[in-house]
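The figures that follow rest on heavy atoms only: side chains count, while hydrogens, waters and symmetry mates do not. The first residue in the sequence is number 1, and the count goes up from there.
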Amino acid sequence: MFAGRYLWWMLMGIGIFMFAALSLDYITWLMIQLSGCGDMAGACEPVLRLISGMLKPACIWAAIGVLFMATLLRLHALSLIWFWGRPIVAVWFVASTPILLFVAADAAALTQPATLAVLPVALLFLATFVTYLMFALEDGDILPLAASVPLRLTLRLTAVYGALAGLAFMPELSRVAGTLLDMPAISVVIALAQPYLQTVLTLGTGSMAPAYAVLAAFIAALAACLLPHAAAPQPSRSAIMLRRSRR
């Protein structure tokens, strides 16, 4: 999937999400006012069940599905699916889904400082990476993320950190994993392991400052990959010797 189509599908997914989060509640209120069912007890229940109970969750999950599939197709087109697609981006989406569902249920909470302060770091990693993929990376001669060795190492290490942080600070992970796998023991193991993983990732400080520092390094590395002189792969030693022998 090339950049223009990827951008179109991402905007489509975001549009569906915003429609479900911001507009469906007003549509529900308008339908109740026009139908006059509020005058009779229980008369509005079918409308509320249809819109709030079925249509809104369906739109939210459809939007998340569109964003996820578009990102995977974009990574597949760029030949980045093996590392970035399945393990990294998938974990970021899983860790970001609870906050997306929360925002969809109460969009006004997104404007509150308390909500902004607890945004999962995985969502910030995901938003940064999705923004990077919107650039026309395939137009030039430089392969996407084919930067110098230090940049590639920085990108991968920070991305793995972001995925681990997403899993470590996701309170619903133990319950969701145990339910999906039908293995209650997995829930217990994850619930016991998460505090230790949080301690390691925060360097024992209990603060999110290390996570934000790694996020800043990830953003800086992605930005450096967009620079032609930084993103150009370094010639190997054999290539240099061959060039000199030809001269």
Would you say [X]'s side chain and [Y]'s backbone share a donor-acceptor pair under 3.5 angstrom?
| X | Y | value |
| --- | --- | --- |
| Ser23 | Ala20 | no |
| Thr158 | Leu155 | yes |
| Ser187 | Ser174 | yes |
| Gln194 | Phe169 | no |
| Tyr161 | Leu201 | yes |
| Arg74 | Leu133 | yes |

If you round to the nearest 0.5 Å, how far is [atom2] of [Y] from [atom1] of [X]?
| X | Y | atom1 | atom2 | value |
| --- | --- | --- | --- | --- |
| Phe17 | Trp61 | CZ | CH2 | 11.0 Å |
| Ile60 | Thr97 | CD1 | OG1 | 11.0 Å |
| Gln198 | Thr205 | CD | OG1 | 11.5 Å |
| Leu7 | Met12 | CG | CE | 11.5 Å |
| Ile88 | Leu126 | CD1 | CG | 11.5 Å |
| Leu72 | Ile81 | CG | CD1 | 4.5 Å |

Handout entry: Check against side-chain contact (heavy atoms from CB on, under 4.5 Å), Phe102 and Ile99
Key = CA-CA 5 Å; Phe102 173 75; Ile99 190 65; 4.1 Å; yes
Heavy atoms only: give me the nearest [X]-[Y] pair and the separation to one decimal.
| X | Y | value |
| --- | --- | --- |
| Val121 | Ala165 | CG1-CB, 3.5 Å |
| Val66 | Trp9 | CG1-O, 3.5 Å |
| Gly166 | Ala122 | CA-CB, 3.8 Å |
| Pro98 | Met170 | CG-CE, 3.8 Å |
| Gly13 | Ala63 | O-CB, 3.3 Å |
| Thr154 | Ala217 | CG2-O, 4.3 Å |

Practice task
Check whether more than 12 heavy atoms from other residues, nucleotides or ligands sit under 6.0 Å from atom CE of Met18, and answer yes or no.
Solution key: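 Atom CE in Met18 is not crowded, with 12 or fewer foreign heavy atoms closer than 6.0 Å.
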Practice task
Assess whether atom CZ of Phe83 is packed by more than 12 heavy atoms of other residues, nucleotides or ligands within 6.0 Å.
Solution key: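 Above 12, so yes.
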Problem - Audit row: Tyr6, Val130, side-chain contact (heavy atoms from CB on, under 4.5 Å) steps and yes/no - result: CA-CA 10 Å; Tyr6 173 69; Val130 164; 3.4 Å; yes
Verify the cluster assignment for [X] and [Y]: are they in a single hydrophobic cluster under the rule of side-chain heavy atoms below 4.5 Å apart?
| X | Y | value |
| --- | --- | --- |
| Met134 | Phe125 | yes |
| Ile190 | Val200 | no |
| Leu203 | Tyr196 | no |
| Leu67 | Leu22 | yes |
| Leu153 | Leu222 | no |

4.5 Å side-chain heavy-atom contact, [X] and [Y]:
| X | Y | answer |
| --- | --- | --- |
| Cys59 | Leu55 | yes |
| Leu78 | Trp84 | no |
| Ser207 | Thr202 | no |

Practice task
For Thr128 and Tyr132, run side-chain contact (heavy atoms from CB on, under 4.5 Å): C-alpha distance rounded to whole Å, both residues' side-chain angles, the deciding distance at 0.1 Å, then the answer.
Solution key: CA-CA 6 Å; Thr128 302; Tyr132 171 80; 5.9 Å; no
Exercise for the section: Step by step, work out the side-chain contact (heavy atoms from CB on, under 4.5 Å) result for Trp92 and Leu123. Expected result: CA-CA 6 Å; Trp92 286 344; Leu123 179 61; over 6 Å; no
